[in-house]
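Below is one structure, written out as structure tokens; comments come after it.
Heads up: numbering here begins at 1 and tracks the sequence. Below, each value reflects all heavy atoms present in this structure, side chains not excepted, and no hydrogens, waters or symmetry copies.
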Amino acid sequence: MKKIDVILLTLILLIALTFRLYKIDTPLADMHSWRQADTAAVARNFVNDGFTMTRPIYDDLSSIQTGLENPEGLRFVEFPIYNAIFAFFYRYLPIVSLDIYGRLTSALFSLITIAVVYYFGLKEHSRVAAAAGALSFAIMPFFVFFSRVILPESTAVSFMFMSLFFTYVYLNQKKPSKKSTALLFGLGVITYAMSILVKPTTIFYSLAHAYLFIRKYEFEVFKKWQPYVFGIIGLVPFILWRVYISQYPEGIPASAWLITMVNTFEGPKRIFFTPAFFRWIFMERLGIAMLGIYGSLFLLVGVMGKYKSYFTHVIFASAIIYLFTFQGGNVQHEYYQTIIFPAIALMMGMGVGHIIKLSEKDLNKFIAYPTVIAVFAASFLFAFYKVKDYYYIPQDLPQIARLIQTFTLPDDKIVTDRSGDTTLLYLADRKGAPAIYKSIPELKSLGYSYIVTAQKQLTQELKDSGYNVLVENDQFSIIKL
């Protein structure tokens with residue numbers, strides 16, 4: 001990279017960071033707050049109870065997520081590297097809140113991914129492609145929002161693209177030395193393993209790793225030890241983690257539905273390769289929310305373009321295969337698309353680079369340049385119109401949380417009438433159940449001390465049964481069991 005590239009990338013990263021600081025200090029009650037709350041709760045318990053990495057704990061003690069009672073609140077999904085990072089900074093440098101540290105951690109890891117996108121765009125096409133791809137990742141509203149939420153996806157994607165970067169440089173050294181070769185290979189393997197530990201769905205980008213090895217060694221690749229060692233070392237930590245957590249089924253949320261099903265108000269529905277899947281993913285999410293309709297032009301041109309190699313196409317193919325594999329999860333939850341961000345941004349950049357390259361020969365550059373800028377601006381505005389509501393915070397939740405803290409003790413177990421949403425438990429800093437999932441006598445026998453409910457009929461029934469109503473208003477009630 002030349003000096004101009006360093007300047008351009010630095011400017012883009014500063015813009016990206018500025019966008020990700022928007023509403024960074026709001027309460028954790030925005031889009032997908034229930035999933036963010038579960039992630040942040042693990043970090044908060046690291047701060048309070050120590051960094052027990054092999055026994056991450058969150059606030060939900062019920063059987064709602066796993067089908068088994070979970071009195072310890074075990075949370076066995078991804079290995080909690082991301083949670084531990086921002087918990088560590090909050091515990092030993094508490095200058096901002098835990099939530100801000102969580103959002104900053106996601107944001108900073110996304111900046112690393114943006115830098116890698118720039119590098120790949122530069123090496124595989126041109127400076128224009130690099131800048132356009134990095135800028136797309138930096139400012140497009142859907143990318144921005146899900147790059148600063150308290151979820152592990154941004155960190156996992158960053159580790160995976162760091163691994164691709166190290167592997168790319170390792171396999172393309174012009175004058176390799178033993179020291180640089182060992183260092184780059186080691187860093188590639190370590191970041192690959194960490195990515196899959198943080199979020200196993202990033203494994204789909206292994207196709208891009210495989211392509212790099214094949215491009216380097218061609219038909220001799222099967223005789224080389226490097227791909228085998230890379231894969232084994234990269235996957236063993238994840239396999240060991242999965243074997244270990246299988247001993248604690250009460251802490252492993254149900255996940256089989258992520259491939260084929262979505263939850264609707266009518267109950268679970270099969271989405272696998274139905275017209276609804278294509279509509280939600282390729283029109284609503286990719287077309288409107290992510291690309292603001294008009295940005296689809298850059299993506300399509302990028303996919304159809306001819307480049308120095310098929311590396312960027314393989315990255316894009318990896319993302320598409322991921323979408324088609326976890327159809328239920330991707331339709332149900334917008335944050336699942338975080339995995340494909342770098343692939344989409346990189347291909348958008350390639351599309352812009354291809355258009356600009358054509359303008360030097362076959363297009364009028366005095367029309368091409370303003371058109372590209374206008375399309376970029378329109379796509380940003382349309383996407384922002386769709387995404388701006390993701391930042392919305394219902395003001396009643398922080399208020400209810402403060403009242404729960406006032407009327408209950410830190411060790412009291414709370415039942416919140418939130419249909420499985422743990423946001424209120426997290427905001428109130430209490431453990432318990434995020435839904436009234438058993439009868440009142442059963443809940444009492446399990447040690448629950450209070451119910452927080454918006455159901456007027458339930459409140460009246462409990463009052464009639466002699467339970468003490470501590471708070472009652474038009475919105476909710478706090479009832480002592």
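- Between Trp280 and His333, the gap from one ring centroid to the other reaches at least 6.0 Å.
- Using bins of under 30°, 30° to 60° and over 60° for the plane-to-plane angle, the ring pair Phe143/Phe137 lands in the perpendicular bin.
- A distance below 6.0 Å separates the ring centres of Phe161 and Tyr205.
- Here Phe165 and Phe120 keep their ring centres 6.0 angstrom or further from each other.
- Side-chain contact check for Gln36 and Asp30: at least one donor-acceptor pair (N or O, by modelled atom type) lies under 3.5 Å.
- Taking the ring centroids of Tyr310 and Tyr211, they lie at or beyond the 6.0 Å cut-off.
- Residues Phe324 and Phe273 place their aromatic rings such that the two centres sit under 6.0 Å apart.
- Taking the centre of each ring, Tyr294 and Phe382 come in below the 6.0 Å mark.
- Between Tyr101 and Phe86, the distance separating the two ring centers is not shorter than 6.0 angstrom.
- Using modelled atom types and a 3.5 Å distance limit, the side chains of Arg148 and Ser110 yield no donor-acceptor pair.
- Judged by the 6.0 Å distance and 45° axis criteria, Arg55 is positioned over the aromatic ring of Tyr248.
- Looking only at atom types and distance, the side chain of Arg418 has no donor-acceptor partner in the side chain of Thr423 under 3.5 Å away.
- A cation-pi arrangement is absent between Lys388 and Tyr390, since the terminal nitrogen or guanidinium carbon is not both under 6.0 Å from the aromatic centre and inside a 45° cone about the axis.
- Figure legend: Arg44 and Tyr426 shown as a cation-pi pair, the cationic atom lying under 6.0 angstrom from the six-membered ring centre and within 45 degrees of its axis.
- Checked against salt bridge (charged side-chain N to carboxylate O under 4.0 Å, His left out), Asp38 has the following partners two or more places apart in sequence or in another chain: Arg75.
- For Trp225 and Phe185, the ring centers sit closer than 6.0 Å to each other.
- No side-chain donor-acceptor contact under 3.5 Å links Tyr58 and Thr39.
- Each of Glu124, Lys216, His209 was checked for a side chain to side chain donor-acceptor pair (under 3.5 Å) with Tyr168, and the lone residue meeting it is Glu124.
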